[in-house]
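Reading through the structure tokens given below for one structure.
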Amino acid sequence: MSKRARGARRLASLLTAASHTYVRVYYDRQIRRYRVVWTNGPDASQMFTLAVQASEEVPDLDISTLLWDRGTR
């Protein structure tokens, strides 16, 4: 597993804990970017803020290039 992939998994755990909603971070091969996916909970700007706060924990993952994809039920 690459450092970025480990960082993506770590970021997903950190965001899940901070937002109290299940967050998944994975590499989307079609668009060649990492995608952050969650349902309900914080909006995209709030989730981005949480990610910026956690960015020191995932130095190999560029937070600014992630695609933020919030779903609703």
How would you list, by chain and number, every residue that makes a side-chain contact (heavy atoms from CB on, under 4.5 Å) with Ala8, sequence neighbours excluded?
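For Ala8, the residues satisfying side-chain contact (heavy atoms from CB on, under 4.5 Å) (neighbours in sequence not counted) are Val25, Tyr34, Leu61.
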Residues in side-chain contact (heavy atoms from CB on, under 4.5 Å) with Thr49, at least two apart?
Gln53
Is there a side chain to side chain contact (heavy atoms under 4.5 Å, CB included) between Thr21 and Met47 once you walk through the steps?
CA-CA 11 Å; Thr21 189; Met47 194 64 81; 4.3 Å; yes
Please report the interatomic distance [atom1]([X]) to [atom2]([Y]), rounded to the nearest 0.5 Å.
| X | Y | atom1 | atom2 | value |
| --- | --- | --- | --- | --- |
| Asn40 | Trp38 | CG | CH2 | 11.0 Å |
| Arg70 | Ser45 | CZ | OG | 10.0 Å |
| Asp60 | Leu11 | CG | CG | 12.5 Å |
| Arg9 | Leu14 | CZ | CG | 13.0 Å |
| Leu50 | Ser55 | CG | OG | 11.5 Å |

Give a yes or no on whether the backbone of Thr65 and the side-chain of Arg33 come within a donor-acceptor separation of less than 3.5 Å.
yes
What one should report as the nearest heavy-atom pair of Val23 and Ala12 is O-CB, 3.5 Å
In terms of heavy-atom contacts, Pro42 and Gln46 come closest through CA-OE1, 3.3 Å
Pairwise side-chain contact, Val37 with Tyr26, heavy-atom cut-off 4.5 Å (strictly under)
yes
Would you please test Leu67 and Asp28 for side chain to side chain contact (heavy atoms under 4.5 Å, CB included) and show each step?
CA-CA 10 Å; Leu67 179 64; Asp28 188 329; 5.8 Å; no
Ring centroid separation Trp68 to Phe48 under 6.0 Å:
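Centroid separation for Trp68 and Phe48: below 6.0 Å.
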With a 4.0 Å cut-off on N to O distance, would you call Arg35 and Asp69 a salt bridge?
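The answer is yes: the pair qualifies as a salt bridge.
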